[in-house]
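Along the sequence shown, the residues carry numbers beginning at 1. Atoms within a ligand are numbered from 1 in the order they appear, just like the ligands themselves. Since the structure is predicted, the reported quantities are computational estimates derived from the model, not experimental observations.
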Amino acid sequence: MTDPAAETSPAAAGTTGELRSAAAKAGKRLGTAVNLTALNAEPLYAQILGEQFDSVTPENALKWGPLTPEQGVYDWAAADAIVEFAEAHAQVVKGHTLVWHEQLPSWLPSAVSADGDGAQLSALLQQHIKDTVTRYRGRVYAWDVVNEAVNIDTASGYTESVFWQKLGPDYIEQAFRWAREADPDALLLYNEVGIERLGPKSDFTYALMQQLLAKGTPIDGIGFQSHVSIHRYPSEANLRANIRRFSELGLRVNISELDARTTLLPGDAAQRWEAQRIAYQQVVGACVVEPGCEGVTLWGFTDKYSWINDDGPDDPLPFDRNYQPKPAYLGVLQGLAGELPTPGENLISNGDFSAGLGAWTASAGALALATAGDRPGWQACVSGRTAELDALVSGPVLDALAAGGPHALSAWVRLNGASSGVVEATLNVTELVDGAESHAALSLGAMAASDVAWVELTGYFGLGFAGTPTAISLEFSGPPAGVDLCVMDVNVARVGG
Ligand code: XIL
């Protein structure tokens, strides 16, 4: 009705795009977030949306604020239009999102300002969930019920939102129960940012899911948002292990908001787009080869409409601003075919310390080898560190790193003597620029580490030099002075495929 595009789009007549066919063949869903303004304004947007995806998610239209401009007044028009478009194109709709601390109604703070015990907020939230889920019952097949409730940087580990402050963490369980009452058949999902790679945030969320499931909370699945950067995303093994462990809890896993920003990686556009292709291939491919992963939703599909551009122009999606497929489009296709990137040989000699300390040194303090009880192999530990920058330093790696890339770094890190600290991997580059020696430090990745377990630090990088490099080494540093820093299995490899 409100969707003229549905009548004119070839997809309405049954055209199936390459991506959509490949997803069907893989038995996975491929979805995208939908921006209604673009859908209404641009025939090409509507055409690609209808042809290439089998699942759609309103990017903003179903959030509490946009849906309820005034207390008690709903504006369903935008969400209705997207749901109608999906139905006209034989697509399923994933609803996003019932409970989130952002894009809340502007009237909500005053409505709950005198709400001492949270009863009012609880009633408003219940009504919102009931009305929204009931309206789309049978038409929205899955809901992101709660979004981003975890924030490990707070004292509690939770996002200390108005919901958490007034209702405590129990609001999460409650929201799922209300959603189930309103539609017993819809899949109910928990959605979270930054949990796609193994680490403290994924661990916290995993423990939360375990607790909620143990209480009988009706949670069917989990979404890993996966807003990655082409220099920061999980390795294949890391992402797959993470998918598997959530899936083993009985949860359906989906990659829910995939995009891959490119501007944080040095290099020209061609290098960055090639690195981006590999990032898409890896994330989509990991989902395809893991039976527990049901599908991938991209957070938009054209660089012309991406929320990442709100932070400055970027090109995070598989279609360019003129709706032409980029290398990333090929990466999605490769991933859908189950083809994963192939890492080359380890360019770091003696990265597993099996030949002793070799060329490795400590920039300060003492360096020693040890064996870990809970991870087989040798570890190199720097002790007596007196500053955060005191580092474990590799031998020269210049010859191994051809300009270009992309390269992937993986290393396992652990601390002794502190429960938390961030380990950063840095390439230290010495180069001659116009005859003068200059130094540059390229951060490859950082990871919150602890003395409890080994964690994998990953990063992806290309290399662009201002001049002629004369020396490059890899360093690990970052935790506070006095904390011993231990590293295992350092691997840097060129990725292709
Ligand atoms: C974003 C939208 O893309 C933007 O248009 C809006 O201005 C802000 O929200 N995590 C989420 C999504 O769960 O809802 C967010 O979407 C992106 C981050």
K.L.:
For atom 5 (O) of ligand 1, state which one of Val193, Asn60, Thr57 supplies the nearest heavy atom.
P.N.:
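Checking each option, the heavy atom nearest atom 5 (O) of ligand 1 is found in Asn60.
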
K.L.:
State whether Tyr206 and Arg245 meet the cation-pi test: NZ (Lys) or CZ (Arg) under 6.0 Å from the six-membered ring centroid, and within 45° of the perpendicular axis.
P.N.:
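Yes, a cation-pi geometry holds between Arg245 and Tyr206.
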
K.L.:
Taking atom 13 (O) of ligand 1 as the point of reference, which of Glu257, Lys63, His227, Glu102 owns the nearest heavy atom?
P.N.:
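The residue whose heavy atom sits nearest atom 13 (O) of ligand 1 is Glu257.
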
K.L.:
Starting at CD1 of Ile222, measure out to OG of Ser202 and round the result to the nearest 0.5 Å.
P.N.:
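Separation between the atoms: 7.5 Å.
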
K.L.:
Just verifying a value: how many Å separate Leu39 CG and Glu59 CD, rounded to the nearest 0.5 Å?
P.N.:
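Between Leu39 CG and Glu59 CD, I get 12.0 Å after rounding to 0.5 Å.
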
K.L.:
Can you pull out the closest protein heavy atom to atom 3 (O) of ligand 1? Residue, atom name and distance to 0.1 Å, please.
P.N.:
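Checked against all protein heavy atoms, atom 3 (O) of ligand 1 sits closest to Glu59 OE2, 2.4 Å.
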
K.L.:
Quick check on contacts: which atoms of ligand 1 are under 4.0 angstrom from a heavy atom of Asn147?
P.N.:
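Those qualifying, in numeric order: 11 (C), 13 (O).
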
K.L.:
Please check if any side-chain donor atom of Asn238 sits under 3.5 Å from a side-chain acceptor atom of Glu196, or the reverse.
P.N.:
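On atom types as modelled, these side chains do not qualify, holding no pair under 3.5 Å.
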
K.L.:
Please state which option from Glu192, His96, Gln103, Glu148 has its nearest heavy atom closest to atom 12 (C) of ligand 1.
P.N.:
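Of the listed residues, His96 has the closest heavy atom.
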
K.L.:
Below 3.5 Å, N or O to N or O, backbone or side chain included: is there any such pair between Trp307 and ligand 1?
P.N.:
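No, since none of the N or O atoms of Trp307 sits under 3.5 Å from an N or O of ligand 1.
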
K.L.:
Establish, for the pair Arg135 and Tyr74, whether the NZ or CZ atom is under 6.0 angstrom from the six-membered ring centre and no further than 45 degrees off its axis.
P.N.:
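Ring-cation test returns no.
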
